[in-house]
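Please read all numbers here as calculations on a predicted model, not as lab measurements.
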Amino acid sequence: MNSNDKYKRIWNTVQQIPSGTVASYGQIADLAGLPGRARLVGKALGRAPKEMKLPWQRVLRSDGQLAFPPGSLSAQTQKGLLQEEGVVVLNNRVRLKDFQWQPGFAELLFELKY
């Protein structure tokens, strides 16, 4: 499988994250069939075509922290987009217990196709 195929898997998985929920880089890698490739998820998000309009803001670090340094323009943008979806962001972090995407069995079978 080449890099482009891996990126497509990641992009497809990120597209499935419902509004108002978040996922970690590692979770996306696992669901895309690329376990242990959390860093590749970040790389793939950075290379996604703009016209794809991926909901990149829904992907966070494994501890629920936003992907960017606190106070940065990117962090403020990510926080604002998440808040517009009803996700609570406190101290640059989302409480995963409350907002983490937990795809159901049907989603795993029918939505996440590879």
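Between the side chain of W11 and the main chain of A44, a donor-acceptor pair closer than 3.5 Å is present. Judged by distance alone, the side chain of Q78 and the main-chain N or O of Q57 form a donor-acceptor pair under 3.5 Å.
Both V41 and M52 are part of a single hydrophobic cluster, where members link through side-chain heavy atoms under 4.5 Å apart. Clustering ILVMFWY residues whenever any of their side-chain heavy atoms sit less than 4.5 angstrom apart, transitively, puts V94 in a cluster other than the one holding W56. In the hydrophobic cluster analysis, where Ile, Leu, Val, Met, Phe, Trp and Tyr join through side-chain heavy atoms closer than 4.5 angstrom, V59 is grouped apart from V89. Residues L54 and Y25 share a single hydrophobic cluster, defined by chaining ILVMFWY side chains whose heavy atoms lie under 4.5 Å apart.
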Q: Could you please spell out the steps behind the side-chain contact (heavy atoms from CB on, under 4.5 Å) verdict for L82 and L66?
A: CA-CA 10 Å; L82 287 171; L66 300 184; 3.8 Å; yes
Q. Under the side-chain contact (heavy atoms from CB on, under 4.5 Å) criterion, do V88 and D98 qualify, and how do the steps go?
A. CA-CA 9 Å; V88 177; D98 296 333; over 6 Å; no
Q: Begin with the C-alpha distance, continue with both residues' side-chain angles, and end with the deciding distance and a verdict on side-chain contact (heavy atoms from CB on, under 4.5 Å) for L60 and Q65.
A: CA-CA 6 Å; L60 307 175; Q65 280 194 344; over 6 Å; no
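The CD atom of Q100 lies 5.5 Å from the OG atom of S24; values are rounded to the nearest 0.5 Å. Distance check: Q16 CD to T21 OG1 gives 11.0 Å after rounding to the nearest 0.5 Å. Put simply, CZ on R58 and CZ on F99 are 13.0 Å apart, with the number rounded to the nearest 0.5 Å. Here CD1 of I17 is found 6.0 Å from CH2 of W101. Values are rounded to the nearest 0.5 Å. For the atom pair CG of L31 and CD1 of I10, the computed distance is 11.5 Å after rounding to the nearest 0.5 Å. Here the CZ-CG distance, from R9 to N4, works out to 12.5 Å after rounding to the nearest 0.5 Å.
T77 places none of its side-chain heavy atoms less than 4.5 Å from the side chain of F68. Using a 4.5 Å cut-off on side-chain heavy atoms (C-beta onward), Q76 and P70 make no contact.
The heavy-atom pair separating K53 from Q15 by the smallest distance is O-OE1, 4.4 Å. Closest of all the heavy-atom pairs between L96 and S62 is CD1-O, 3.3 Å. Minimum interatomic distance between P69 and N92 (heavy atoms only, all atoms of both residues): C-ND2, 4.3 Å.
Residues K8 and D5 are not paired through a salt bridge, judged by the lack of any N-O separation under 4.0 Å between the basic side chain and the carboxylate.
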